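On a predicted model such as this, the values are computed, not experimentally measured, just so you know.
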Amino acid sequence: MNFNTGDVNEKKEQPMQMICSGILRKDGNKIIYVRFERGKDFAEGSLPDAKITSHRGFSQDEIRKFEEYMAENRFSIIEQAKSVNLMKNFMK
């Protein structure tokens with residue numbers, strides 16, 4: 001994932017990470033939690049909604065880009081989530 005979202009030079013130099021959960025169930029529906037991180041900044045959202053629900057340190061324009069990214073890359077994020085082994089990660 002490649003984002004160039006920071007306005008401040010030091011933020012631009014920090015790497016951006018996207019992390020996703022495995023496929024979980026909430027209220028009988030499948031859901032994947034997605035988190036974007038850059039240093040101390042974070043934005044959290046979920047699929048299938050492709051909406052950011054909480055964030056700190058990112059601009060509204062960056063939040064919009066994250067939501068677009070989740071919507072446009074929905075299928076690759078789902079494939080990544082399928083490979084997450086929750087029990088294996090929990091036991092580490």
Side-chain angles (χ1 to χ4, degrees):
M1 178 178 71
N2 184 11
F3 288 104
N4 186 7
T5 58
D7 293 326
V8 178
N9 285 338
E10 76 179 47
K11 285 189 176 186
K12 286 183 181 180
E13 293 174 9
Q14 293 179 335
M16 178 75 67
Q17 267 192 318
M18 185 201 79
I19 304 163
C20 74
S21 70
I23 299 173
L24 306 171
R25 291 211 175 261
K26 181 178 180 184
D27 301 325
N29 299 312
K30 292 180 181 178
I31 189 167
I32 299 169
Y33 292 103
V34 180
R35 181 177 172 102
F36 299 91
E37 296 179 344
R38 179 185 62 211
K40 293 182 181 180
D41 301 339
F42 73 90
E44 296 174 330
S46 62
L47 288 176
D49 297 338
K51 295 291 179 195
I52 296 296
T53 54
S54 65
H55 61 90
R56 180 185 68 216
F58 288 110
S59 70
Q60 286 304 107
D61 186 51
E62 291 171 314
I63 298 303
R64 181 185 52 77
K65 288 178 183 177
F66 295 148
E67 290 176 342
E68 288 174 2
Y69 180 86
M70 287 191 295
E72 292 171 3
N73 294 282
R74 174 182 319 268
F75 297 110
S76 64
I77 294 171
I78 290 169
E79 288 303 311
Q80 183 178 346
K82 286 179 183 179
S83 70
V84 174
N85 184 331
L86 296 175
M87 286 307 292
K88 181 179 176 183
N89 292 335
F90 178 72
M91 299 304 282
K92 283 186 178 180

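Here Ile77 contributes atom CD1 and Glu72 contributes atom CD; the two are 10.5 Å apart, rounded to the nearest 0.5 Å. For the atom pair CE (Met16) and CD (Glu37), the distance works out to 10.0 Å, reported to the nearest 0.5 Å. Considering CG of Leu24 and CD1 of Ile31, their distance stands at 7.5 Å, rounded to 0.5 Å. The distance from atom CD of Gln14 to atom CG of Asp41, rounded to the nearest 0.5 Å, is 7.0 Å. From Ile78, atom CD1 reaches atom CG of Asn73 across 11.0 Å, with rounding to the nearest 0.5 Å. Note that the NE2 atom of His55 and the CD atom of Glu44 stand 11.0 Å from one another [nearest 0.5 Å].
Transitive grouping of hydrophobic side chains (ILVMFWY, heavy atoms separated by less than 4.5 Å) brings Phe36 and Ile63 into a common cluster. Residues Met18 and Phe42 do not share a hydrophobic cluster, clusters being chains of Ile/Leu/Val/Met/Phe/Trp/Tyr side chains in contact below 4.5 Å.
A 4.5 Å side-chain heavy-atom check between Met70 and Lys51 finds every atom pair outside the cut-off. Between Glu62 and Lys65 the shortest side-chain heavy-atom distance does not fall below 4.5 Å.
Nearest heavy atom pair, residue Ser54 against residue Ile52, reads O-CG2, 3.5 Å. Nearest approach of Ser21 to Ala81, heavy atoms of both residues: O-CB, 3.2 Å.
For Arg64, the side chain to side chain donor-acceptor pair (under 3.5 Å) partners two or more places apart in sequence, or in a different chain, are Asp61, Glu68.
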Take Phe58 and Phe66 through the test ring pair (Phe, Tyr, Trp, His ring centres under 6.0 Å) and record every step on the way to the result. CA-CA 10 Å; Phe58 288 110; Phe66 295 148; 4.9 Å; yes
Derivation and outcome, side-chain contact (heavy atoms from CB on, under 4.5 Å), residues Arg25 and Lys30: CA-CA 5 Å; Arg25 291 211 175 261; Lys30 292 180 181 178; 3.4 Å; yes
